[in-house]
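Side chains are part of it too, since the values below use all heavy atoms of this structure and drop only hydrogens, waters and symmetry mates. Letters A, B, ... mirror the listed sequences (proteins, then strands); counts begin at 1.
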Protein chains: 2
Amino acid sequence: MARTKLFDEALILDKAMNLFWEKGYNATSAQDLVDGLNISRSSLYDTFGDKHSLFVKALKRYRQERVDPVLNGLDSAGDVEQYIRDVFVAVKDEALNDACSKGCFMVNSAVEMAPVDPEIASIVHAIMIDTESAVAKAIEKGQKQGLFTTSHSAQSLARFIFNAINGLRVTVKFDTDKRMFDDIVDVSLAALKV
Amino acid sequence: MARTKLFDEALILDKAMNLFWEKGYNATSAQDLVDGLNISRSSLYDTFGDKHSLFVKALKRYRQERVDPVLNGLDSAGDVEQYIRDVFVAVKDEALNDACSKGCFMVNSAVEMAPVDPEIASIVHAIMIDTESAVAKAIEKGQKQGLFTTSHSAQSLARFIFNAINGLRVTVKFDTDKRMFDDIVDVSLAALKV
DNA sequence: AATAATACGGAACGAACGTTCCATTTAAAG
DNA sequence: CTTTAAATGGAACGTTCGTTCCGTATTATT
C-alpha cells in the first residue's frame, strides 16, 4: 500500500511541545517548526493539521508527560510532605539549570492564550482542576497524619500551594537567584505546618 | 511654525499600554494599534518610534502608573498588615471584575518577552527588585510591631508574598471563582503570622 | 499674507506569515 | 513485478506583518 513514515510521530510531537513551550504560540512560526522538527512542511500539515491543532496536541502531551506523572506520584507517595517538597525542589532545580527559562508550558499558555482561546483555556482549566484535587487529596492525608495544619481546609491549602508553584513559574522568567527560590519554597512549605 | 498635535501623547500611551497589557506584544499588530489608539500610522511611528519602542514606553508607564503608587502607599501605610491585605484584595477584585483577564502587565511581559528580550527582561527585573525591597521594608516594620512572624527574615517573607501575588496574576487567566481567590489570599496572609 | 515646520491620512513597500498544492518517491499489498 | 495509496520536498499561494514614504493640511511665527 503506502509508504511508511520516516519519523516517529511521538518524537516529533515532543519536539513541537518543547518549541512551543520555549517560545510560545505566536512567536513560534511555521518555519521554526519545519526547522526544529526536521520534517517537511507537507508532512507537518498532513500529520498534525494546522499550527493551532499541533499546539493543542503539544499541550495535551505536556499534561500526559509532565503533569499526570507528578499527580500519580503524589497519589501513591508514602511521605506526602516530602513529596510536595520534592516537587518544589524540582521546580527550583529546573529554574536554575534550564538556561532558556522555559518555565511551565501550562502557565505560559494560560498567560498567552487562555484569555483569547477558549479551547486552550479549557485544557489549562482542566489541568488546574485535576491538580488542585490531587494536591487536596494528598494534603488531607497529611492532615490526618498530623503533618499539616488543620487551620485551613485541605482544598484551601491545595489552592495556596498550587498558586505558589504557578508564582515560581513566573519568577523563573526574570530571576535565577538560588536564594530567591529557597526563600519562597521555605516559607511556602512552612505555611502548611501549624 | 508647525501644526500642533491633535492628540494627547500621554493619553495615547495609556491606550497603548492597555492594548499590550490585554493582548501581549506579538498578538498586538500595528493595525490593532492604529485602530485602538485612533491615530494614523505615521503619527504613531513619528511620535513613538517602532512597535518595540512603544511597548517599552508602555511598560515603563505601567510601572509609573500602577506599580510605584502601590509601593509608595506601602511605604507610608499606617497599618502595614491591612495595606498588604488591601493589595491582595485589589488583585482579587480586579480578577473578578475584569472580564478580559488582563492580569498583570509585568507578569504577562515576563512570561512572553523576558526570555528573548533583554531590554524588557531588565525592566521587569527592576520592578521585581524594587517591589521586593519595598515589601521587605514594610514587613520588617510589621515584624517590629509584632504583626508578623520572625521565623523568617523580612526579605524571605517579602519574596514569598510577591511570589504569591504573581501566582494570582496567573490564576486570573483561567479561573474566576471568588472562593479560589479567597482561599489563596487567606492562606498566604496567614503565613505571615506566627 | 507669506513662510516654514510639523502633523496627518493613505498608499505602498518588502518580508514573513500560515497554508496549500503538486510532482516525485517510496513501500506495502495483490 | 505491478499496482496504489501514502509520505515527501519544494514551489507557490494569498494574506498580514511592521515599516516607510509622500502629498496634503494645518498653524505658529515672520
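- Here the nucleotide nearest the side chain of A:Ala30, chosen from D:dA7, C:dC8, C:dT19, is C:dT19.
- In this structure, A:Arg85 places its CZ atom where only 12 or fewer heavy-atom neighbours from other residues, nucleotides or ligands lie under 6.0 Å away.
- In this structure, the OH atom of B:Tyr45 is 17 Å from the P atom of C:dC13, given to the nearest Å.
- Among the nucleotides D:dG9, D:dG18, C:dG18, the one closest to any side-chain atom of A:Ser40 is D:dG9.
- Seen from the ring of A:Phe48, A:Lys57 does not count as a face-on cation partner, given the 6.0 Å and 45° thresholds.
- Here the nucleotide nearest the side chain of A:Ser43, chosen from D:dT8, D:dG18, C:dT19, is D:dT8.
- In this structure, CG of A:Leu54 is placed 16 Å from P of C:dC17, rounded to the nearest angstrom.
- At whole-Å resolution of the value, CD1 in B:Ile39 and C1' in D:dT19 are 14 Å apart.
- Residues meeting the side-chain hydrogen bond (donor to acceptor under 3.5 Å, both in side chains) test with B:Ser188, sequence neighbours left out: none.
- In this structure, B:Leu44 places its CG atom 16 Å from C1' of D:dC21, rounding to the nearest Å.
- Atom CG of B:Asp46 is separated from atom C1' of C:dG9 by 12 Å (rounded to the nearest Å).
- Contact annotation: side chain of A:Arg41 to base of D:dT8, donor-acceptor pair absent below 3.5 Å.
- Residue B:Asp50 contributes atom CG, which lies 11 Å from atom P of D:dG18 at whole-angstrom precision.
- Taking for each of A:Ser42 and A:Ser29 the nucleotide of DNA chain C with the nearest heavy atom, the 5'-most of the two is the partner of A:Ser29.
- Rounded to whole Å, atom P of C:dG18 lies 11 Å from atom CG of B:Asn26.
- Remark: P of D:dT19 and CZ of B:Phe55 are 14 Å apart, rounded to the nearest angstrom.
- Judged purely by distance below 3.5 Å, without hydrogens or angles, the side chains of A:Asp117 and A:His52 pair a donor atom with an acceptor atom.
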